[in-house]
Asks: 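Take a look at the following structure, please.
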Number of protein chains: 2
Amino acid sequence: MELQAAKQKFIQSWGALGSSWGINRTMAQIHALLLVAPDPLSADEIMEELQISRGNANMNIRALIDWGLLFKTLKTGDRKEYFIAEKDMWEVMKCIITQRKKRELEPMLKVLDEISAVDGNAPEDQEFEKVIQDIKLFSSKADASLDTLLKADSNWFIGTFLKMIR
Amino acid sequence: MELQAAKQKFIQSWGALGSSWGINRTMAQIHALLLVAPDPLSADEIMEELQISRGNANMNIRALIDWGLLFKTLKTGDRKEYFIAEKDMWEVMKCIITQRKKRELEPMLKVLDEISAVDGNAPEDQEFEKVIQDIKLFSSKADASLDTLLKADSNWFIGTFLKMIR
DNA sequence: CTTTGGTTTCAATTTTTTCAGAAAGTTTAT
DNA sequence: ATAAACTTTCTGAAAAAATTGAAACCAAAG
């Protein structure tokens with residue numbers, strides 16, 4: 001496969017996958033583009049390369065910066081802003097986990113807390129109570145585990161899981 | 001909060017959350033409904049309860065069964081099929097991880113393999129090569145870890161992560 | 001203060017996803 | 001074989017999400 005074709009394919013695939021990862025297509029494409037770009041790119045270059053509008057480009061660049069997956073850089077004597085991607089996969093993963101945890105897990109915990117303020121104590125309620133408690137226990141455990149994972153460093157992760165794999 | 005209100009809220013919230021979990025709303029709602037239902041429900045009861053069409057109900061019930069989150073049960077002397085939800089949260093999590101791994105991780109690995117068949121060897125390619133290799137390494141590690149996790153049992157999970165949490 | 005290069009916001013539009021309802025297909029009991 | 005009870009597959013409508021394009025905005029340089 002040719003280098004250019006390969007890059008193209010990577011960008012497209014990463015974009016397609018993005019959607020199932022809770023990231024929208026453009027956002028994922030921009031990230032992919034910058035991952036394989038040898039040098040920082042300006043917003044205009046990104047628009048050009050991916051054939052997207054200014055507004056779209058800007059919004060998603062902002063979002064990626066918020067997520068911590070992109071950084072601004074400046075070139076001396078140039079007023080444009082240039083962008084580079086976080087290339088350390090461990091960091092990338094941490095960013096993604098952080099965001100998804102915030103959007104997927106934490107709202108769940110919040111709802112469960114509200115729900116478990118259910119006051120009835122009829123025998124029939126016990127079943128319901130139990131299900132909710134179970135989910136709550138499990139979710140908070142997962143939540144805590146992810147927090148720990150986020151604090152851990154790359155080596156720890158690799159080490160632990162290599163052990164797991166054997 | 002009242003029991004009925006609580007159940008209602010749980011179903012709605014679980015449904016809303018479902019979307020960010022890569023599960024569609026109806027599918028998540030059916031699952032939630034059955035999680036908190038004291039007894040097995042028939043397709044008709046599910047339709048009634050969630051105010052959804054027969055087609056929709058059927059499709060999503062099928063999907064849930066495929067995922068392994070729902071089971072059929074039969075009542076003697078009744079031709080109807082009744083459904084119950086998998087209530088062990090550990091199992092639920094395993095089902096979800098299995099599916100998402102299939103849909104999110106494995107296609108990624110496939111693409112990466114195709115891409116790394118890139119043949120050019122100009123100095124500029126090295127950077128690209130490296131990024132792809134990095135992602136590949138990381139992804140297959142994650143993939144393997146998840147496989148291990150899926151084989152592990154609930155106690156192991158809780159044990160390990162309790163240790164992590166401290 | 002005005003121009004220039006660049007960034008941000010937002011209503012309107014397009015694309016994608018989800019769903020109801022109809023219709024066709026199965027299965028099972030008689 | 002037929003009828004009754006369920007299931008599956010479509011299609012078009014509706015809802016939700018993503019994108020565009022334009023206008024508004026800002027900061028630096030002259």
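Keep in mind that this is a model prediction, so the values were computed, not measured. Proteins get letters first, then strands, A, B, ... in listed order; numbering begins at 1 in each.
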Asks: Can you check each nucleotide of nucleotides 6-27 of chain C against protein heavy atoms at under 4.0 Å and return B for base, S for sugar-phosphate only, - for none, in 5' to 3' order?
Replies: SBBB--------SSB-------
Asks: Compute the bend angle of the helix from dC1(C)-dG30(D) to dT30(C)-dA1(D) from the end axes (five pairs per end), rounded to 10°.
Replies: 10°
Asks: Name all pairs fulfilling the salt bridge (charged side-chain N to carboxylate O under 4.0 Å, His left out) condition that reach into residues 8-29 of chain B, sequence neighbours left out, sorted by first residue then second.
Replies: E114(A)-K9(B)
Asks: Who pairs with E48(A) by side-chain hydrogen bond (donor to acceptor under 3.5 Å, both in side chains), at least two apart in sequence or on another chain?
Replies: none
Asks: What do the steps show when you test D143(A) against E106(A) for side chain to side chain contact (heavy atoms under 4.5 Å, CB included), and what is the final call?
Replies: CA-CA 8 Å; D143(A) 193 56; E106(A) 284 164 14; 4.1 Å; yes
Asks: Whole angstrom is fine here: how far is it from CE in M47(A) over to P in dA18(D)?
Replies: 20 Å
Asks: Taking E86(A) for its side chain and D88(A) for its backbone only, find out whether a donor-acceptor pair lies under 3.5 Å.
Replies: yes
Asks: Can you name the side-chain hydrogen bond (donor to acceptor under 3.5 Å, both in side chains) partners of D66(B), sequence neighbours left out?
Replies: none
Asks: Of all residues at least two apart in sequence or in a different chain, which pass the side-chain hydrogen bond (donor to acceptor under 3.5 Å, both in side chains) check with R62(A)?
Replies: none
Asks: Identify which one of N56(B), I46(B), T26(B), L34(B) satisfies the side chain to side chain contact (heavy atoms under 4.5 Å, CB included) criterion when paired with I61(B).
Replies: I46(B)
Asks: So which atom in P107(A) and which in L17(B) form the shortest heavy-atom distance, rounded to 0.1 Å?
Replies: CB-CD1, 4.1 Å
